[in-house]
Amino acid sequence: MSEEILNEKPLDFIREIVAEDIKNNKYPDGIVTRFPPEPNGYLHIGHAKAICLDFGVAEENNGICHLRMDDTNPTKEDMEYVESIIEDVKWLGFDPSHLYYASDYFEDMYNCAVKLIKKGLAYVCSLTPEEFEEYRGNSERVGRDTPGRSQSIEENLDLFERMRAGEFEDGSKVLRARIDMTSPNIHMRDPVIYRIRRIDHFRQGNKWCIYPMYDFAHCLEDAFEGVTHSFCTLEFEIHRPLYDWVLDNLDFKVRPYQHEFSRLSLSHTVMSKRKLLQLVKENYVRNWDDPRMPTICGMRRRGVTAAALRNFAKGLGITKFNGLTDMAVLEHCIREDLNKKASRYLAVLNPLKVTITNMADDFVDYLDGVNNPEDESAGTRKIPFTKHLYIEKTDFMVEPVKGYFRLAPGKEVRLRYAYFIKCEEFVTDENGEVIELKCTYDPETRGGNAPDGRKVKGTIHWVSADYCKEAEVRLYDRLFTVEQPGMGEEDFLTQLNPDSEKVASCYIEPALAEIKPYEVVQFERVGYFACDKDSTDEKRVFNRTVTLKDSWAKKQ
Ligand code: ATP
Ligand code: MG
């Protein structure tokens, strides 16, 4: 895994194509790419892969990458999605200022369709859906010529104009490209390029009642914008002949070409917008930006950095093989980046009370905490140390097992940034559960070292019970219990992990109560945590971004 990420790779096949085109001066005006999301949902980590490729290739070659809202299908599109897409692209570190809307080209697309009709390359078809299927054939049976094929150009021009004028019912007529009803590629058997749909468009209102189909619209959008290289996922490979057919039969200054690469599939999550929308609408998650969602906004809220996502995308490489990437690969990238950037703090999740018996009640010592050992410029902060402390329950054992170097009766440990303490006595409740430790501290060990050279093996974290604040932590795990939810007959909803979010309370050192939403820190020895936007002045809420180590592998 790490090898795959760390090794510098040779150019991938797409970058090789671009390099070759540049060498041959195929595009003297420069390289233009585009990222064309349909604004019918929030972007997810799969889109991040595409964004890094589209914007990356442009950037590396002094070109431009257009952000294009592919809004030609009015059914589920919305301005809310447009805004989130712009925000996410920007957050990922790319420039969303070359912004285009495919719906702005409706008139130009219409004119292109008219041109095709005039060339005898498109016709209006009035077959019913059943007849349509019958004439088209299937993979075993070639299609046969439709009645519309023999209409005159004048007839087709008239019918298409009347389609636009709203004279016909939804679904009663379509415009088809006149290609080849016997093609082995079903997409070439006179594909539909326009259909009638009386649905308001979120930007065009009711101006149009006919809308272009994806295969016709997309290549035109690329051509109108002077895109040179149009990257998309492998499922569009079989549509490429149609992409080329449309452009070859119309005349453009810059001729774009489509290249396909494998999509990202990530384990233990789903990526289809339909499924993500269902999770949101049916309240399985808090919203699109729920920290468990594979959406870019969800990851941001969880504390994942843009750099971690970019490194992850880079490490994936661009190939033509569809595979499944383990979530652990992503988590590795997140840890690697946060280790460099996140400030360290002390917080206790499962508190056990500690009383220092050889200390005055009003004693307070302010110790220096190193904010980030990986980054000196992050500075230090003061951490109050007092008679009453909390440590993690798991840092004490009545009967320590072999190799356990933390607290136990009669044993001594170092408190991070503070002193050595020694457990003199433990207090249990009526069930025999340990509820308090009575310890002594050695005032000579301030800062963590004993002047007599005495060594302790364990260092544990702690907070002052007198000064700490209470906070909420949301502990996240995989959203689904299986690697590929919804595979085969299974309904993906039945495979949701019931423990994907656990809410608990914890104690944090005072400095942590000042952290602002979206800031990510490390709780020492516990994990990386992002301050959530649900935080209030009284109570901070933290989302666990990742644990410090991969605990999933062990669990399985
Ligand atoms: P859905 O099918 O869930 O609606 P989509 O693929 O249709 O998603 P678009 O908004 O059309 O979503 O995608 C925009 C761009 O992002 C396309 O070029 C698409 O190929 C790419 N993309 C989408 N999902 C992935 C993925 N999982 N991996 C890589 N690229 C992706
Ligand atoms: Mg799509």
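Atoms within a ligand are numbered from 1 in the order they appear, just like the ligands themselves.
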With sequence neighbours left out, the residues meeting side-chain contact (heavy atoms from CB on, under 4.5 Å) with Asp491 are Leu493, Thr494
Given His47, Lys273, Arg34, which has its nearest heavy atom closest to atom 23 (C) of ligand 1?
-> His47
Could an N or O of ligand 1 be found under 3.5 Å from any N or O of Leu264, whether backbone or side chain?
-> yes
Do other residues, nucleotides or ligands put more than 12 heavy atoms under 6.0 Å from the CD atom of Glu131?
-> yes
May I ask you to check whether Glu38 has an N/O atom sitting below 3.5 Å from an N/O atom of ligand 1?
-> yes
Thr233 to ligand 1: N or O pair under 3.5 Å?
-> yes
Side chains of Tyr243 and Gln258: is there a donor and an acceptor less than 3.5 Å apart?
-> no
Closest to atom 25 (C) of ligand 1 (heavy atoms only, candidates Ser272, Ala50, Gly46, Ser230) is Gly46
Pairs flagged by side chain to side chain donor-acceptor pair (under 3.5 Å) wherever residues 48-64 is involved - sequence neighbours left out | Arg15-Glu60
So, are Glu472 and Arg474 salt-bridged, with charged N and O less than 4.0 Å apart?
-> yes
Could you establish whether Phe236 and ligand 1 come within less than 4.0 Å of each other, counting only heavy atoms on the residue side?
-> no
Answer yes if the side chains of Lys320 and Ser262 hold a donor-acceptor pair under 3.5 Å, and no otherwise.
-> no
Ligand 1 atoms nearer than 4.0 angstrom to some heavy atom of His44 are 24 (N)
